[in-house]
Trainee: 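Encoded as structure tokens, here's the structure I'll be asking about.
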2 protein chains.
Amino acid sequence: MAPIAKPVPIVLAPAGPPSVRPAGTASPAPVISIRDLKTHCLTCSMRELCLPLGLTVDEMKQVDALVANRTKLKKNETLYRAGEPFHALYAIRIGSIKTTVLAEDGREQVAGYHMLGDIIGLDGIGTDRHGCEAIALEDTEVCVLPFVKIEDLARTLPALQRNLHQVMSREITRDQGVMLLLGSMRAEERLAVFLLNLADRYRRRGYSSTEYVLRMTREEIGSHLGLKLETVSRLFSRFQEEGLIQVQGRAVKLLDSGALKRIVGQRG
Amino acid sequence: MAPIAKPVPIVLAPAGPPSVRPAGTASPAPVISIRDLKTHCLTCSMRELCLPLGLTVDEMKQVDALVANRTKLKKNETLYRAGEPFHALYAIRIGSIKTTVLAEDGREQVAGYHMLGDIIGLDGIGTDRHGCEAIALEDTEVCVLPFVKIEDLARTLPALQRNLHQVMSREITRDQGVMLLLGSMRAEERLAVFLLNLADRYRRRGYSSTEYVLRMTREEIGSHLGLKLETVSRLFSRFQEEGLIQVQGRAVKLLDSGALKRIVGQRG
DNA sequence: CGACTAGTTGAGGCCAGTCAATGTTGGTGG
DNA sequence: CCACCAACATTGACTGGCCTCAACTAGTCG
């Protein structure tokens, strides 16, 4: 048995924005254990960025019910590998995960850098096998969402169906953005976009948008941006020299995001 | 009323007027008109690559019923533009379409090169607005699939639901492949992948996999592959010199696809 | 402390981009 | 049918941005 019900107040990391009370919300259960607080969509701080977005309390409980379990991953542990049979999506509760696609010759490309609230595994649906690898960049916890159950429930909950489609569609849109970046931007633009994109995502999660810690090495960032690690390192140094950012290893502070934005879309 | 039921053999050329059949029009024609032959999933030559894949006859009829209409596009005409409200997916019946994403500064990147049987517009679901432009590369005809109707029907037809999810997921997988290409491959590898990919897609559609006609200019191909048109042109010439392919403008013949495959994944 | 990984910085080379001239193709109208 | 024009394509010469190779530093862990 796991430890239970210590009388601790709520406290989930990012004190912040998400606090919606759907219509028809009755007063909550008489007693809520900390386990409840930790493991239900209803109380998850990411519910406004995750699959249950916009669902009623009752609907959310049904989504809750299909969450098979949560999985904890230590840094560098693999959630799934390319080629493995697909049976679930994963919602990141805590931590961050990189997904990498591999060519036959072993070359590897970081396709995505996912953080809490993100849902991954979508590329497995089409072939019933995962198309990429998912590796934890730090200690991470994910909700396991068995896909057949999601599909079942989506047939009775239009709101869930809609959310699922939106999540998948946004992934497509995101990928197209990466394609644009990789296909037509110069190195400094790529890094600027990367830094600004992270800022935006942290902001929407209630964290600072000007100061954050990268969870990837220079090499992984380079792989994600189609650059070599030396190039990434040089750019970090240059941006710092020019007063755009402040870098200390993986800690980044954006000093002039206006200038960063101006870099993007600038002809060499 | 449109002309009907002439005893003409199959012929699915681009003859005829817009051929609109509103969803409710269910005239249970005892005789199958040429119009029926032309416009129903049941008889569409692409049904095994399109949304109705694997559906029963009855289910397919229901999908048929939700096809609002077909749209014809002349070469270079736009099906939708980035930012326009999204309300439907499009299945390509005849022809081919490029989708392009644009950066704020006007830079443009060809994100996809779609041919008959492909379904496009998926990136609009997440934001209710199209995220890219779709432009016909030749005279083209598409089925218009209103998305709310698809969602409705998907809730009662699990097979359709499954297909929709697979279509979306495969788009994600495809995009990841493009990311790998753009992020880590050299110019000659990119073109080789492009040519082999087209061969494969034509093959699955019952066309020659060694001889086909490109529907894009060198510039569009370059944009798709993250290269400049001059580079694409030079590579075509070089591949021809080396006996890998034969090129005559946009007509391509693969002479040694084994060698093309060997190019891919080869260290410079 | 040594071994290892991650990161920084420099020197030089190469692949693809840029600029420019020329050739080819296809559509239009006389 | 042919002439013409514009769009498309090819090819060459040169440039430059990023990669490669390499040396060195800083922090970490057994």
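Reminder, nothing fancy here: chain letters follow the sequence lines and each chain counts from 1.
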Trainee: In degrees rounded to 10°, what angle is found between the helical axes fit to the five outermost pairs at each end of the helix from C/dC1-D/dG30 to C/dG30-D/dC1?
Mentor: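 Both end axes considered, the difference amounts to 50°.
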Trainee: Let me know, please, whether B/E241 or A/M185 comes out on the 5' side of the other along DNA chain D by nearest nucleotide.
Mentor: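 The residue whose closest nucleotide sits nearer the 5' end is B/E241.
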Trainee: Can you tell me the distance, in whole Å, between the CZ atom of A/R238 and the C1' atom of C/dG7?
Mentor: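 So the two atoms are 18 Å apart, to the nearest Å.
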Trainee: Report the nucleotide, chosen from D/dA9, D/dC21, C/dA6, that has the shortest atom-to-atom distance to any side-chain atom of A/E230.
Mentor: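 Nearest listed nucleotide: D/dC21.
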Trainee: Using 30° and 60° as the class limits, which term best fits the ring planes of B/Y113 and B/F194: parallel, tilted or perpendicular?
Mentor: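 Parallel.
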Trainee: For A/L182 and D/dC18, give me the distance from atom CG to atom C1', rounded to whole Å.
Mentor: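 Whole-Å distance recorded here is 15 Å.
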Trainee: Contact class for A/G222 vs. all strands (heavy atom < 4.0 Å): base, sugar-phosphate, or nothing?
Mentor: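 No contact at all - A/G222 keeps every heavy atom at 4.0 Å or more from the nucleic acid.
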Trainee: Measure from CZ on B/R215 to C1' on C/dG26 and round the result to the nearest Å.
Mentor: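 Those two atoms, CZ and C1', are 14 Å apart.
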Trainee: May I ask you to verify whether the side chain of B/R234 and the base of D/dG12 hold a donor-acceptor pair under 3.5 Å?
Mentor: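 Indeed, a donor on one side and an acceptor on the other fall under 3.5 Å apart.
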Trainee: Of all the choices, D/dC18, C/dT25, C/dT9, which nucleotide is nearest to the side chain of A/T231 once you look at every atom?
Mentor: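 Nearest nucleotide to the side chain: D/dC18.
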Trainee: Among side-chain atoms of A/T99 and A/H114, is any donor-acceptor pair under 3.5 angstrom?
Mentor: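 Indeed, the side chains of A/T99 and A/H114 share at least one donor-acceptor pair under 3.5 Å.
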Trainee: Can you classify the ring geometry of B/H130 versus B/F86 as parallel (below 30°), tilted (30 to 60°) or perpendicular (above 60°)?
Mentor: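 It falls in the perpendicular class, over 60°.
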Trainee: Between A/L229 (CG) and D/dC21 (P), how many Å, whole number?
Mentor: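 Distance, rounded to whole Å: 13 Å.
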Trainee: Report the nucleotide, chosen from D/dT20, D/dA9, D/dC18, that has the shortest atom-to-atom distance to any side-chain atom of A/K228.
Mentor: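 That would be D/dT20.
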Trainee: Rounded to whole Å, how long is the line connecting atom CZ of A/R186 with atom P of C/dG17?
Mentor: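 Going from A/R186 (CZ) to C/dG17 (P), I get 13 Å.
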Trainee: Using only side-chain N and O atoms of B/R218, determine if any of them is under 4.0 Å from OP1 or OP2 of D/dT10.
Mentor: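 Checking D/dT10 against B/R218, a side-chain N or O does come within under 4.0 Å of OP1 or OP2.
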Trainee: Side chains of B/E133 and B/T100: any donor to acceptor distance under 3.5 Å?
Mentor: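 No pair is found: no donor N or O on one side chain lies under 3.5 Å from an acceptor on the other.
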Trainee: Is the backbone N or O of B/D175 less than 3.5 Å from a side-chain atom of A/D175, with the two atoms forming a donor-acceptor pair by type?
Mentor: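 No; judged by distance alone, with no hydrogens or angles, the pair does not exist.
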Trainee: How is B/Q248 classified with respect to the nucleic acid when contacts are heavy atoms under 4.0 Å: base, sugar-phosphate, or nothing?
Mentor: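 Contact class for B/Q248: sugar-phosphate only.
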Trainee: Does B/S233 reach a base, just sugar-phosphate, or nothing at all? Heavy atoms under 4.0 Å.
Mentor: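 The residue B/S233 makes base contact.
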Trainee: Between C/dT8, D/dC19, D/dA9, which one does the side chain of A/L227 approach most closely?
Mentor: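 Nearest to the side chain of A/L227 among the choices is D/dC19.
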Trainee: Before accepting this row, confirm whether a basic side-chain N of the pair A/E171/A/R174 lies closer than 4.0 Å to the acidic partner's carboxylate O.
Mentor: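 Yes, this pair counts.
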Trainee: Can you identify which nucleotide, out of C/dG7, D/dA9, D/dC19, has its nearest atom closest to the A/R250 side chain?
Mentor: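 That would be C/dG7.
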Trainee: Any luck finding a side-chain donor-acceptor pair between A/S223 and A/Q109 under 3.5 Å?
Mentor: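 No, because no side-chain N or O of A/S223 sits under 3.5 Å from a partner of the opposite role on A/Q109.
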Trainee: What is the separation between atom CD1 on A/I263 and atom P on D/dG17, rounded to the nearest whole Å?
Mentor: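 A/I263 atom CD1 is separated from D/dG17 atom P by 14 Å.
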Trainee: Could you give the CD-to-P distance, from B/E219 to D/dT10, as a whole number of Å?
Mentor: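 Value for this atom pair: 13 Å.
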Trainee: Quick check for you: to the nearest 0.5 Å, what is the distance between A/L116 atom CG and A/L49 atom CG?
Mentor: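 Reported to 0.5 Å precision, the distance equals 8.0 Å.
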Trainee: Output the rounded distance in Å from CD (B/Q240) to P (D/dA9).
Mentor: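 Checked: the CD to P distance equals 15 Å.
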